[in-house]
Amino acid sequence: MDNEKITEINNLLENAIKMESEGKKKDASEMYMLTYKKLIELAKNSHGKLKNERVKQADIILKTYKSLNGEDNTDNKISRGKKILETLNIEEPEIPKVTFNDVAGLENVKTEIMSKIIYPMRYKELSKEYDIEFGGGMLLYGPPGTGKTFIVKAIANEVKANFINVNPSSLYSQWFGQFEKNISLLFKAAYLLSPAIIFFDEIDTLVPKRSGSESDAAKRGVSQLLTEVGGLTSEKDKNIFIIAATNNPWEVDEAVMRPGRFDVKIYVPPPDYESRKRLFELKLSKIKYVNNINYDKLSKVTERYSGADIEFICKKSVQNVFMEVVKSGTKRDITTDDLINVISQIKPSIDETMLKRYQSYIMSM
Ligand SMILES: Nc1ncnc2c1ncn2[C@@H]1O[C@H](COP(=O)(O)OP(=O)(O)O)[C@@H](O)[C@H]1O
Ligand SMILES: [Mg+2]
């Protein structure tokens, strides 16, 4: 019973959005109202968490209705895009504050990204004249905590693009339609928010290797995703970039990895000696009581530690000293030993077996 109603509501909503995108304001607005009423009715007969979720979604639809009717003066592309994302349970997009300078090391990754995304976007005419290919999808893979998510935020900042962080679970959202429809809504929203970067974190969870037992809905979702990504490669003017990240590239659906989709694949390695030094420097740079730290020594003892590990080590060390100072009432600098002490207590999150697995994956490509 509920399923039928949900399908009906989905269709109504989809139509409303379609009409709105075609500029048929009046029809769209009627359609939103109808969707709202049906959804409220459904919510009334629901319970608990589901009820709350449905009321929340209905509220968003009502806001959309109001904005279309001029009762809300935020009627512009950006706010419409944001509203669609809100219905998809995706966090509000923004231009991140992280810059390339905040990223330690990863020089090869940066160069690649500069030439494939940042320069073509910045020098659009020039890249047309030189027939430079850009757009489409990029996949970052590598051990956990090496800065994949972080660097994508920095890219978004460099090109002043909205960063749309897609968490796999939001697209599988329980009540709200099928994966397939959510994918196409997501791309509509990105278009309204362009320039935008759609970031699929943990893409192996979103589109895992096929086992043959997937539901039809899941299969359609994957093919919808591929169609959208393929479409963007051919429509470069849309100003939308798709970047995916995974710690487990071997677990991603093969169709996604085929040419024409996520064409640029970049390995994000664990930080090397220099990068680890830089990581310590960066992560301690905001602390006033940091002087005379032996960064070489820290880097030497942190092989196999990820950027995330190093960030944690710095935070923990600073916190320890802070607690001590609160108790003693005497301020003091953070020392190399304070950091070494914490390092000795935590294990690196990267190991040899893990690295070998990436090596053999790279060889097999
Ligand atoms: N190369 C790096 N430069 C600066 N910070 C880093 C780097 N790698 C990791 N970090 C820090 O570790 C945190 C976690 O990294 P994240 O990007 O989430 O890793 P991943 O996505 O590869 O698992 C980041 O928020 C950042 O503060
Ligand atoms: Mg990540």
Side-chain angles (χ1 to χ4, degrees), residues 90-91 94-114 137-158 163-171 197-208 241-252 262 264-287 290 295 298-299 302-319 339 342-343 346-351 354-355 357-358 361-362:
I90 292 173
E91 64 185 59
E94 51 165 20
I95 300 176
K97 304 220 164 47
V98 183
T99 71
F100 261 21
N101 279 334
D102 302 315
V103 180
L106 303 180
E107 298 308 330
N108 296 342
V109 182
K110 282 184 194 166
T111 311
E112 187 96 3
I113 290 169
M114 284 301 229
M138 175 182 279
L139 177 82
L140 304 176
Y141 65 95
T146 48
K148 296 182 291 296
T149 306
F150 199 66
I151 206 168
V152 179
K153 287 188 182 165
I155 301 170
N157 174 296
E158 296 292 330
F163 176 69
I164 304 177
N165 195 353
V166 184
N167 169 325
S169 62
S170 48
L171 292 183
I197 290 181
I198 307 181
F199 179 56
F200 293 103
D201 211 352
E202 297 169 42
I203 185 127
D204 51 300
T205 334
L206 187 71
V207 287
F241 287 92
I242 303 156
I243 305 180
T246 176
N247 300 338
N248 312 299
W250 42 81
E251 279 168 22
V252 181
F262 290 86
V264 184
K265 299 184 188 67
I266 306 178
Y267 177 55
V268 181
D272 60 12
Y273 187 85
E274 285 302 321
S275 309
R276 293 196 299 275
K277 263 174 81 172
R278 179 89 187 115
L279 274 160
F280 278 105
E281 278 168 13
L282 278 171
K283 304 298 172 190
L284 292 170
S285 64
K286 290 204 187 80
I287 316 288
V290 169
Y295 290 105
L298 293 175
S299 182
T302 46
E303 210 176 319
R304 307 265 179 277
Y305 284 81
S306 69
D309 290 340
I310 292 176
E311 181 173 41
F312 176 78
I313 290 163
C314 292
K315 279 207 176 122
K316 183 86 180 110
S317 309
V318 173
Q319 204 173 38
L339 290 143
V342 172
I343 295 168
I346 73 158
K347 281 206 298 200
S349 52
I350 300 168
D351 63 38
M354 200 189 265
L355 291 179
R357 186 143 196 209
Y358 289 108
Y361 174 78
I362 293 166

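Because the structure is predicted, anything quoted here is derived from the model rather than measured. Each ligand, and each atom within it, is numbered from 1 in the order the structure gives.
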message: For a quick check under 3.5 Å, do Ser275 and Asp272 share a side-chain donor-acceptor pair by atom type?
response: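 There is such a pair between these side chains.
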- prompt: Mind checking what makes side-chain contact (heavy atoms from CB on, under 4.5 Å) contact with Ile95, not counting sequence neighbours?
  reply: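 Per chain and number, Ile95 pairs via side-chain contact (heavy atoms from CB on, under 4.5 Å) with Lys160, Asn162.
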field: Residues that Glu112 engages under side-chain contact (heavy atoms from CB on, under 4.5 Å), provided they are two or more places apart
entry: Lys116, Val264, Ile266
field: Distance-minimising heavy-atom pair for Ala156 and Phe163
entry: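 Distance-wise, the nearest heavy atoms are CB-CB, 4.0 Å.
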- line: Sorted by chain and number, protein N/O/S atoms nearer to the Mg ion (ligand 2) than 2.8 Å are Thr149 OG1
message: Can you confirm whether Ile242 sits close enough to Phe199 that some side-chain heavy atom of one is under 4.5 Å from a side-chain heavy atom of the other?
response: no
- prompt: Should the pair Lys265 and Tyr361 be classed as cation-pi, given the thresholds of under 6.0 Å to the six-membered ring centre and 45° from the axis?
  reply: no
query: For ligand 1, what are the residues with a heavy-atom contact below 4.0 Å?
result: Asp102, Val103, Ala104, Leu106, Pro144, Gly145, Thr146, Gly147, Lys148, Thr149, Phe150, Leu279, Lys283, Gly307, Ala308, Glu311
query: In this structure, which one of Phe262, Tyr267, Trp250 forms a ring pair (Phe, Tyr, Trp, His ring centres under 6.0 Å) with Tyr141?
result: Tyr267
- request: Report the C-alpha distance between Asn165 and Lys153 in whole Å, list the side-chain angles of each, state the deciding distance to 0.1 Å, and finish with yes or no for side-chain hydrogen bond (donor to acceptor under 3.5 Å, both in side chains).
  value: CA-CA 9 Å; Asn165 195 353; Lys153 287 188 182 165; over 6 Å; no
message: Rounded at 0.5 Å granularity, tell me how far OG in Ser317 sits from CZ in Phe280.
response: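 Reported value, rounded in 0.5 Å steps: 8.0 Å.
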